[in-house]
Asker: 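Please see the structure below; I have some questions.
The figures that follow rest on heavy atoms only: side chains count, while hydrogens, waters and symmetry mates do not.
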Amino acid sequence: MTMKRFNHLLPLLQATLLSGLLTGCMTIFSPSSETILINRPTAEPVTIITASDTLAAEGQPIALSLKKKHLNKPIQIASEEYEYQTLIPGRRTAWWAILADLYFTEGVGLIVDYSSGAIYHPRQKSYYVKAARKDTLRSELPVADHRAPSPFKTTIYNAKRHYRHELRLGLSIGNTLHDGCFDRMSQRVADRLHLNGYMDELYCGLGAVTNFAASLSYYYHLNDRWAVGMIAGTGTRPNGYAGYMDLDPNWKQGWPSDWPTDTPPEVFVGNMESTSWFFLPSAKYYWSFTPEARLYSKAAVGLMSQHNWFEPFDLPNDAYFGYTNAARKAISEGSHLSERRWHLAGQLSPFGVEVGSSWLRFFVELGYGMEGIFTTGWSCHF
């Protein structure tokens with residue numbers, strides 16, 4: 001008999017644990033309603049209409065029990081002699097409850113708590129509503145709206161001055177160059193000067209991350225969300241430890257006799273250099289607003305001019321031993337090898353933040369393209 005009871009209790013215990021995992025911490029441990037105080041300039045009996053109930057109240061202040069999920073709903077106060085403001089209490093999130101749900105329910109409880117409204121609290125404990133006699137009222141009283149402004153609406157930003165024009169100066173790392181164009185030029189240099197090849201040991205393989213660029217942009221703001229403009233800038237590729245190698249097959253005849261091994265040293269005769277200028281029509285879309293910052297995304301498509309050239313090393317005469325004739329030719333004549341090419345170019349920055357509420361602001365962007373992976377700078381609005 002005891003074993004049978006245990007067999008019945010085990011599924012019940014499992015179901016209890018599972019239901020606990022599929023609910024939220026606030027739904028379990030906090031009440032579904034909270035009491036707020038409504039202060040007013042009168043003490044007459046009134047009728048209060050909420051999203052879920054209609055009740056009579058009198059005295060001053062009025063203690064009102066309100067469901068948490070209705071905190072963003074309007075509350076009407078009616079009487080025979082007075083007109084009262086409509087009250088929207090507003091709500092704030094219990095951030096510690098989010099952490100608890102993430103820890104104990106692996107995030108499942110967030111869905112439950114937000115759906116039930118249990119994760120919210122009133123923005124205030126006490127509210128004040130204005131009143132006016134109906135026979136003296138000339139216009140409708142404004143709504144006492146205590147809701148937190150949505151970061152995805154321009155309500156906050158509309159309260160500030162709207163600037164039409166924007167100039168920005170940015171510095172970037174990780175800007176892109178046309179690698180195919182660069183590689184073809186590198187091969188032409190090697191073939192023409194009969195060099196062994198191009199050794200690229202650029203910053204431990206970090207490659208384009210070490211590229212950097214500077215840009216100047218102008219934007220015209222059509223409204224609070226959209227801006228269009230032009231980006232002009234220049235980028236460069238640092239060489240680090242990179243260049244063309246060449247060495248005479250009989251290198252030991254000219255090299256120090258006490259060289260410790262039979263392996264020739266790496267000998268470089270010059271570097272490939274590359275710079276670019278880019279001109280990109282651009283558009284920005286602002287999608288989140290706070291009192292001191294705005295979040296946006298940016299895209300640009302245009303043209304870039306890339307200049308690739310060979311830069312020979314300036315070696316003293318006594319350092320020429322061991323080099324082939326081609327290497328000497330590269331050092332003396334290689335500076336004439338260069339080319340310029342135009343290419344389609346662009347920039348996509350999914351995430352950007354602009355900090356500041358006045359005419360001077362600081363910005364940071366993450367993206368890919370001619371401006372780079374990481375861009376930061378200052379913008380001037382007027």
Asker: Between Y84 and Y82, what is the ring plane arrangement, given parallel below 30°, perpendicular above 60°, and tilted in between?
Answerer: tilted
Asker: Checking R91 against Y120: charged group under 6.0 Å from the ring centre and within 45 degrees of the axis?
Answerer: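 Geometry flag: set, cation within 6.0 Å and 45°.
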Asker: In Å and rounded to the nearest 0.5 Å, what is the CG to CG distance from L177 to N308?
Answerer: 8.0 Å
Asker: May I ask you to decide if the ring planes of W226 and Y285 are parallel, tilted or perpendicular, using 30° and 60° as cut-offs?
Answerer: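 Ring orientation, 0 to 90° scale: tilted.
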Asker: If I take atom OG1 from residue T234 and atom CE from residue M304, how far apart are they, to the nearest 0.5 angstrom?
Answerer: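 The OG1 atom of T234 sits 9.5 Å away from the CE atom of M304.
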Asker: Between T375 and S172, what is the shortest heavy-atom contact and its length?
Answerer: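 Looks like OG1-OG, 3.0 Å.
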Asker: Distance only, no hydrogens: is a donor on one side chain within 3.5 Å (strictly under) of an acceptor on the other, for H381 and S379?
Answerer: yes
Asker: Taking the side chain as everything from C-beta on, heavy atoms only, tell me whether R40 gets closer than 4.5 Å to Q85.
Answerer: no
Asker: According to a hydrophobic-cluster definition based on side-chain heavy atoms being under 4.5 Å apart (Ile, Leu, Val, Met, Phe, Trp, Tyr only), do L66 and V129 belong together?
Answerer: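 Same cluster: L66 reaches V129 through Ile, Leu, Val, Met, Phe, Trp or Tyr contacts under 4.5 Å.
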Asker: When the aromatic ring centroids of Y220 and H165 are compared, is their separation below 6.0 Å?
Answerer: yes
Asker: Any non-hydrogen side-chain atom of L344 less than 4.5 Å from a side-chain atom of V301?
Answerer: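 Answer yes - side chains close enough.
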Asker: Side chains of Y127 and P122, heavy atoms from C-beta outward: is any pair under 4.5 Å?
Answerer: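 The answer is yes; the side chains approach within 4.5 Å.
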Asker: Are I38 and L55 in one and the same hydrophobic cluster, where Ile, Leu, Val, Met, Phe, Trp and Tyr link if side-chain heavy atoms are under 4.5 Å apart?
Answerer: yes
Asker: According to a hydrophobic-cluster definition based on side-chain heavy atoms being under 4.5 Å apart (Ile, Leu, Val, Met, Phe, Trp, Tyr only), do Y163 and V355 belong together?
Answerer: yes
Asker: In Å and rounded to the nearest 0.5 Å, what is the CD to CD distance from E371 to Q347?
Answerer: 5.0 Å
Asker: For E81, is there an ion pair with K134 - N to carboxylate O distance below 4.0 angstrom?
Answerer: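 Salt bridge between K134 and E81, a charged N being under 4.0 Å from a carboxylate O: no.
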Asker: Salt-bridge test for E365 and R168: reply yes if a basic N is under 4.0 Å from a carboxylate O, no otherwise.
Answerer: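 Yes.
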Asker: First locate atom NZ of K67, then atom NZ of K73, and finally report the distance between them rounded to the nearest 0.5 Å.
Answerer: 14.0 Å
Asker: Is there a side-chain contact between L87 and H146 in this structure, where contact means two heavy atoms from C-beta onward sitting under 4.5 Å apart?
Answerer: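 Yes, side chains in contact.
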Asker: Using 30° and 60° as the class limits, which term best fits the ring planes of F152 and W287: parallel, tilted or perpendicular?
Answerer: parallel
Asker: Begin with the C-alpha distance, continue with both residues' side-chain angles, and end with the deciding distance and a verdict on side-chain contact (heavy atoms from CB on, under 4.5 Å) for R341 and S305.
Answerer: CA-CA 6 Å; R341 292 287 187 271; S305 172; over 6 Å; no
Asker: Please tell me if the side chains of Y219 and I231 come closer than 4.5 Å, counting only heavy atoms from C-beta onward.
Answerer: yes
Asker: Answer yes or no: is there a side-chain heavy-atom contact under 4.5 Å between I173 and I373?
Answerer: no
Asker: Step by step, would you call Q124 with R92 a side-chain contact (heavy atoms from CB on, under 4.5 Å)?
Answerer: CA-CA 9 Å; Q124 302 173 194; R92 57 183 176 86; over 6 Å; no
Asker: With a 3.5 Å cut-off and no angle check, do the side chains of Y286 and K284 form a donor-acceptor pair?
Answerer: yes
Asker: Is there a side-chain contact between T54 and I48, using heavy atoms and a 4.5 Å cut-off?
Answerer: no
Asker: What distance do S349 atom OG and Y368 atom OH have between them, rounded to the nearest 0.5 Å?
Answerer: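 S349 atom OG to Y368 atom OH measures 12.5 Å (nearest 0.5 Å).
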Asker: Do F363 and W378 have ring centroids that are under 6.0 Å from one another?
Answerer: no
Asker: Should I88 and Y128 be counted in the same cluster of Ile, Leu, Val, Met, Phe, Trp and Tyr side chains packed under 4.5 Å apart?
Answerer: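 Not linked; separate clusters.
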Asker: Within the structure provided, determine whether R237 and F182 are in side-chain contact (heavy-atom separation under 4.5 Å).
Answerer: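 Yes. Closest side-chain heavy atoms under 4.5 Å.
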Asker: With distance as the sole criterion, is a donor-acceptor pair present between the side chains of N39 and S126 under 3.5 Å?
Answerer: yes
Asker: Below 4.0 angstrom, N of the basic side chain to O of the carboxylate: do R361 and E166 qualify?
Answerer: no
Asker: Begin from the C-alpha positions of M230 and Y218 and carry the test side-chain contact (heavy atoms from CB on, under 4.5 Å) through to its verdict.
Answerer: CA-CA 6 Å; M230 172 69 73; Y218 167 78; 5.6 Å; no
Asker: Atom CZ of residue position R164 - does it have more than 12 heavy atoms of other residues, nucleotides or ligands inside 6.0 Å?
Answerer: yes
Asker: Once you round to the nearest 0.5 Å, how far does OG1 of T275 lie from CD of Q306?
Answerer: 8.0 Å
Asker: Would you kindly confirm whether L216 and L360 end up in one hydrophobic cluster when ILVMFWY residues are joined by side chain heavy atoms under 4.5 Å apart?
Answerer: no
